Amino acid sequence: MDVAKKFSLILFGATGDLAHRKLFPSLFRLWSSGHIGDFMLLATGRSQPDREAFVRYLRENVDEASTQPGRWAEFEAFIEYFRLDAKNEQSFHEMSEALKGHERSRQLSGNRMFYLSVSPNLFGTITENLAASGMLERQNAERQAWSRLVVEKPFGHDLASARDLDKHLSQFVDEEQVYRIDHYLGKETVQNLTAFRFANGMIEPLWNSHHIASVQITVSETLGVGERADYYDSAGALRDMMQNHMMQLLALTAMEPPLSLAPNDIRNEKVRVIRSIRIPRTPEEVAECTVVGQYGAGEIAGKPVVGYRDEDGVDPNSITPTYIGTRLHLDTWRWTGVPFYLRHGKRLPARMSEIMVRFRTPPMHLFHASNCDPSYPNVLRIRIQPDEGIRLSVGAKRPGPGVNIEGVDLEFTYAEAFGTSLPEAYERLLLDALKGDPTLFIRQDEVEASWVWADAVLNGLAALPKPSFPNYAAGSNGPSDAGRIFLPLSSPRASEPRDTWGSFVGHGRRVHEADSH
Ligand code: BG6
């Protein structure tokens, strides 16, 4: 069993949404399953006055505290709390004394993981104060214990700010000490992309422009902006999901075989993919391959929901996109000529993330005379969530007279194959960071490469006429303009009624999308 050795986890933003929804439950499960044992969790925050109040707050807000009260009570013994004013250096000096005191009394060895789950505008101040108070140190030969810094996304707002942030951090720590989180990499189904591609002899020979016609990556959410309007309204769909999570999905789908599974061998290949994205040069080029949208009022699962502009904390005239769809090209030997469609939106009809790979049709339509649709492609769907699994649609002869070919599915689901529920992404990421394995964390050059592309798209969009938002109802399939990219009029099936999301949501339905190159 993987066990992380003695450590202190110092959590900034301990009363935030991520902490009670993901971080505390994940740590609790890591502890329950024996992956961590000898540790202290020093929570910091301002809103709770002391440890007692903080522990009470956790009991009220973390699900596991009410579903497993006995175990949770034992887990509480590992928790300490420090009321911190993150902008005040003196407060950090006091915290440093408290930290040392706890480490002494708990006989911990000084291994420290600082987790920044706070608003990005505090990253700089916190690291500076951590270093000034001596809590966070560069790794050196004299210091036996390790110090690591885990940074939540977003890492920068654009290329310039991502570089500034990195420069700032590098004054206090080395790149090897920085763990930039992208929680999609902690998902089992995302890690399986590499296994699926490189552990199976039959996949890789087909994984190129000779055999693949298009790749479509979708992250569709039913959720709205929730309580995060403050952050989201200045970020929008591209910065929130596409520059990071979806870039990682793209990189893992398209990368060359790595030399080994060593962290830098994988990250070297991922960054090459991101660097190979063709950068749109003019606003017109951006407009040609990008569709943005913002949800208006509508219904999700039969319940009315407000439009984005009426969400708490959102500017009533906001032009922040909650939907983005884009077509991009990778200028590499393997992928030239294959369009990659990426799309993401909030308040869409289904929660569904998947990578859909559409293969080329056979060179000759042997079954032309039958009822078979000669344009019917083999389609591979790698379902990231929910209903995690992989499905390959193939043509099969319908039993009976004549030769009628129909689409059928070959399918694997995690539920059937492994019979266990999948671990929360943060469990894996926390454990890896504690063990010092950076494979599933983003390197700075990956961050910068994806900002180069994202900045070009954002600048292009900013130079175009102001969009007329809202342009899709909550619960609908997104802006109708998306059909311009995802369903070209040249499609042989364009006359059929269909939508841009429904065509690939749902079991065993045929894929109508056509390529546009
Ligand atoms: C976060 C985004 O990084 O990922 C959210 O900030 C989004 O806006 C979330 O809802 C999606 O994560 P998941 O794991 O639910 O797909």
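Every number for a ligand or one of its atoms is a count from 1 in the order of the listing. Since we're looking at a predicted model, the values are computed, not measured.
With respect to Arg428 and Asp437, no salt bridge is recorded, no charged nitrogen being found less than 4.0 Å from a carboxylate O. A salt bridge links Glu76 with Arg59: the closest approach of a Lys/Arg side-chain nitrogen to an acidic carboxylate oxygen falls below 4.0 angstrom.
Seen from the ring of Tyr184, Lys187 counts as a face-on cation partner, given the 6.0 Å and 45° thresholds.
Taking the centre of each ring, Phe198 and Phe196 stay at or above the 6.0 Å mark.
Residues Gln444 and Arg163 bring no donor and acceptor atom of their side chains to less than 3.5 Å of each other. Judged purely by distance below 3.5 Å, without hydrogens or angles, the side chains of Asp432 and Tyr179 never pair a donor atom with an acceptor atom.
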Under a 3.5 Å threshold, I'd like every N/O contact between ligand 1 and protein atoms, with atom names and distance.
from: ligand 1; atom 1: 3 (O); to: Lys153; atom 2: NZ; distance (Å): 2.8
from: ligand 1; atom 1: 3 (O); to: His245; atom 2: NE2; distance (Å): 2.7
from: ligand 1; atom 1: 6 (O); to: Lys153; atom 2: NZ; distance (Å): 2.9
from: ligand 1; atom 1: 6 (O); to: Arg228; atom 2: NH1; distance (Å): 3.2
from: ligand 1; atom 1: 6 (O); to: Arg228; atom 2: NH2; distance (Å): 3.2
from: ligand 1; atom 1: 6 (O); to: Asp240; atom 2: OD1; distance (Å): 2.6
from: ligand 1; atom 1: 6 (O); to: Asp240; atom 2: OD2; distance (Å): 3.4
from: ligand 1; atom 1: 8 (O); to: Arg228; atom 2: NH2; distance (Å): 2.6
from: ligand 1; atom 1: 8 (O); to: Asp240; atom 2: OD2; distance (Å): 2.6
from: ligand 1; atom 1: 8 (O); to: Lys346; atom 2: NZ; distance (Å): 2.8
from: ligand 1; atom 1: 10 (O); to: Glu221; atom 2: OE1; distance (Å): 3.4
from: ligand 1; atom 1: 10 (O); to: Glu221; atom 2: OE2; distance (Å): 2.5
from: ligand 1; atom 1: 10 (O); to: Lys346; atom 2: NZ; distance (Å): 3.2
from: ligand 1; atom 1: 12 (O); to: His183; atom 2: NE2; distance (Å): 3.2
from: ligand 1; atom 1: 14 (O); to: His183; atom 2: NE2; distance (Å): 2.8
from: ligand 1; atom 1: 14 (O); to: Lys187; atom 2: NZ; distance (Å): 2.6
from: ligand 1; atom 1: 16 (O); to: Tyr184; atom 2: OH; distance (Å): 2.5
from: ligand 1; atom 1: 16 (O); to: Gln385; atom 2: NE2; distance (Å): 2.8

